[in-house]
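Just below is one structure, and these are the notes that go with it.
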Amino acid sequence: MESGPDQPHSVLSIHTGATDGINLHDIQNNTPIASCPSASAPELRNLGTSNITKESGGSSQPLLSISGTQHLGTSTSEPLLSTGDALEKYQIISEKLETLVSSNGKDADIQGLIAEVPRILLRCVSRDEAALAVAQKVFKGLYESSSNSAHVAAHLGILAAIRDVSKFVVKELTSWVIYSDEDRKFNKDITLGLIQSELLNLAEYNVHMAKLLDAGRNKGATEFAISLIRTLLNSDSRVISELHYLVDALAKNPVGNATATFSVSAGKDNNATQIKEKKAPDHSGAGREECNVVESGEMDPAGFYEKVSMLFTDWCRLCELPGANDSAFAHYVLQLQQSGLLKGDNTQDRFFNCIMKFTMSHCLPPEVISSGPLKSPHVQPLSFLAIDIYAKLVISIVRVGQFSSGFSISCQDKMIFSKCLTFLQVLAVAVKFIQKDADERKTSFNPRPYFRLFINWLLDLGSMDSVSDDIQVSTAFANAFHALQPLKVPGFSPQCISPNMRLPDPSTPNLKIDLLTEMSQPPHILSAVDAALRAKQIKGDVDEYLKTRPEESSFLTGLKQRLLLPPDDAARAGTRYNVPLINSLVLYVGTQAIQQLRERTPHAESTANSAPLAVFLVGAALDIFEILMIDLDTEGRYHVLNAIANQLRYPNNHTHYFSFIILYLFGESKQEIIQEQITRVLFERLIANQPHPWGLLIVIIELIKNPTYNFWSHSFTRCAPEIEKIFESVLRSCRGAKPLDESVVTGGVMPDLH
């Protein structure tokens, strides 16, 4: 969307076509309609560091450029270039770039030089030939200062720009990496950069690396692959599913298995790793046939199911013995290891898959299973005994954690790998089992047994500090829940919520959330809210300001600088700001303000929920939020506002406080740019898929209906016809809303407002 002097860009400007008849039902049910796009971190990073005064100075320059395609090119009067000309011009750019990088030049200047490369290539007679020739030069230069992160980032940026000019670049880059010497091929940081910049053909790279391992005999390649997969697992786990051959090759070795197995098994593409069964499941006792064929396509050994059934029966008996202790459990696990069932191969997957089938058949009685579609999974008679015993078996295996390794790795890595080895495979098997069960049973699918299983594991692992601290376990849980998200397995989650939870309809006329008893109760937060503040040694200064609120404070004036990342860290993170630190600061300041309010208000537990919002005017905390809005640039404010919006959840005192904060910032701001950005952050979340947080809906409805905020007078509500229709649709929904059926309002999962 281009703009002239009479049509300035807006944060909420969109590039999709107009859609007639937009309503909130379309928005919440993911109907393809015009929407407010979310700018990525790199887009935000290029906005500059102008302060709020500069941004609001009446310039017609765009605040965000969010058009679908950035068209590169030059006027037709410029002469065409040969490949040699392009190489000469690139050499000049390369020299300038090295000068900027070595002198810690401004990011804007570096980005400007990078942008020159595709412009040159687009003027070439043979564009693809020139693109590949320049790409080869860039690829060679990429490794010349591989320890300099700014140098690497700049060269990756150039390669990404060239890729957008020629479709052949990715194929050639992949070949150059595959056939390069080991120093280049096993450079993890650059390889990660190439993968994350989408500069490698992962299908080809996947096959090559899997073969290169040579079944673990190539130790250099194996150790590199393990390190690569571990890093991807923590930073960009979605890529793991595209490296399934490599992960499978690592999974055959005890060391590689611990980091790699889960992400592929629980990935989006299940056709290669799904359990291959033709027969529909029969939980009443047909598990033997279903466990016969596993993902490798090989038949189970004769008597395998009977063996597993007997072993699990023995485990159940052991758990029921009055004198059973950890020593007895460990002895049983060692017997499983000696029997070859925990070797980290397909046999182990078969073992856990059979037990999953066994436990589920004992959880739901046969008469319930065979009775057809279920009216409500909540009223089914369930027995969780087998589920709890299976969860205990897995935790006992994790506790033993004695698995041999044929590789020379550090003791710390051995500990991490050994403890995570089986658990990751167990999660993988569980996720696939749930996906298959939900797909085949559809409306009769009951998620409660699986929910019970996950709760057991989360609670038990949370009590084992040495395991819960391992990032692999945390990431495995995250990936498991991601694979079971409502878009993929809807039946797993709108039923894992207590049927007794009732939330008031946000669109109820004259709803007074201040009168809700829940709004005085704090939410349960298990993590250390102030961890990032303490790590950066800021907590003490925050506490001091909140207590004393001096008239002149160096803390406030220097706060912006303390939220910025060092240049090298910023290049890696894709943003100039320390986002975890911002999240920690926002939540910590809010919790301290709530605590101060409770200390100042007598009988806070019984009166705070009936007080007007003005009671939240705790000056020191508001000072911090206001200075963040004024001093930070567009990118920084965006992170702060998102940190605030993250707290708009179910009814509790955090939702109450932060709903006041974001409405206060909107109402009191003298700069429309801040009000526009607040609107963007809220509506970005509204146009996403359901469920929408209850607190988010409360704030949006209050913002557009309460005349105090004068929402409709702002020009950004009319920046584009599509945006205006979305706003009007929400308003109509609020005005015409009917009371909601309590039975469908659960845990913040709200039905359509109209």
Side-chain angles (χ1 to χ4, degrees), residues 258 262 266 312 315-316 318-322 324-330 332-333 336 342 352 355-356 358-360 362-364 377-378 380 382-401 415-416 418-434 437 446-485 489 492-493 495-501 521-529 531 649-650 652 746-748:
F262 175 74
F312 189 68
W315 172 253
C316 294
L318 177 61
C319 291
E320 293 174 352
L321 290 177
N325 53 30
D326 288 343
S327 177
F329 298 151
Y332 178 89
V333 171
L336 290 181
L342 301 179
F352 287 116
I355 295 183
M356 282 288 293
F358 189 83
T359 56
M360 292 306 146
H362 284 75
C363 186
L364 288 173
H378 285 298
Q380 296 177 42
L382 299 178
S383 171
F384 292 125
L385 178 61
I387 296 287
D388 295 341
I389 290 177
Y390 174 49
K392 189 171 186 177
L393 172 62
V394 172
I395 296 302
S396 296
I397 294 173
V398 173
R399 280 197 173 101
V400 173
M415 179 185 70
I416 293 174
S418 64
K419 288 184 180 297
C420 297
L421 171 62
T422 300
F423 184 65
L424 294 179
Q425 284 191 292
V426 169
L427 272 182
V429 170
V431 167
K432 289 186 295 182
F433 195 96
I434 294 169
D437 192 17
N446 191 324
R448 292 170 62 201
Y450 307 112
F451 186 62
R452 175 80 169 215
L453 191 60
F454 278 111
I455 286 294
N456 272 318
W457 285 336
L458 284 166
L459 290 175
D460 288 334
L461 288 172
S463 66
M464 298 168 59
D465 294 336
S466 61
V467 177
S468 60
D469 290 341
D470 293 338
I471 190 65
Q472 284 83 3
V473 172
S474 300
T475 304
F477 271 120
N479 287 334
F481 294 134
H482 181 72
L484 299 171
Q485 63 177 291
V489 190
F492 176 73
S493 58
Q495 299 295 340
C496 288
I497 300 169
S498 169
N500 299 320
M501 180 179 288
Q521 304 301 317
H524 295 288
I525 300 179
L526 301 180
S527 59
V529 172
R649 305 190 289 152
Y650 64 94
N652 60 70
T746 57

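If you're wondering where the values come from, they're calculated on a predicted model, not measured in any experiment.
- A distance of 9.5 Å separates CE in M360 from CG in N446, rounded to the nearest 0.5 Å.
- Between the CZ atom in F481 and the CG atom in L458 there is a gap of 5.0 Å [rounded to 0.5 Å].
- Atom CG of L427 sits about 10.5 Å away from atom CD of Q425, to the nearest 0.5 Å.
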Go through V398 and D460 one step at a time and tell me if the side chain to side chain contact (heavy atoms under 4.5 Å, CB included) criterion holds.
CA-CA 10 Å; V398 173; D460 288 334; over 6 Å; no
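- One distance of note links CD1 of I395 with CG of L459; it measures 9.5 Å at 0.5 Å rounding.
- Here the SG atom belonging to C319 is positioned 10.0 Å from the CG atom belonging to D388, to the nearest 0.5 angstrom.
- Between the CG atom in N456 and the CZ atom in F451 there is a gap of 11.0 Å [rounded to 0.5 Å].
- When all heavy atoms of V431 and A480 are compared, the closest pair comes out as CG2-CB, 3.8 Å.
- A tilted orientation is assigned to the rings of Y332 and W315, their planes being inclined by 30° to 60°.
- Ring geometry for F312 versus F358: interplanar angle over 60°, hence perpendicular rather than tilted (30 to 60°).
- Nearest heavy-atom pair, L318 versus A328, reported as atom, atom and distance to 0.1 Å: CD2-O, 3.9 Å.
- A heavy-atom distance below 4.5 Å is not found between the side chains of L484 and Y450.
- Side chains of L453 and M356 form a contact here, defined as non-hydrogen atoms less than 4.5 Å apart.
- In terms of heavy atoms, A483 sits closest to V489 at O-CG2, 3.9 Å.
- Contact detail for T359 and A386: the closest heavy-atom pair is CG2-O, 3.6 Å.
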Side chain to side chain contact (heavy atoms under 4.5 Å, CB included) between V426 and I397, intermediate numbers included: CA-CA 11 Å; V426 169; I397 294 173; over 6 Å; no
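- When all heavy atoms of F384 and R448 are compared, the pair lying nearest together is CE2-O, 4.0 Å.
- Smallest separation of non-hydrogen atoms from P447 and F492: CB-O, 3.5 Å.
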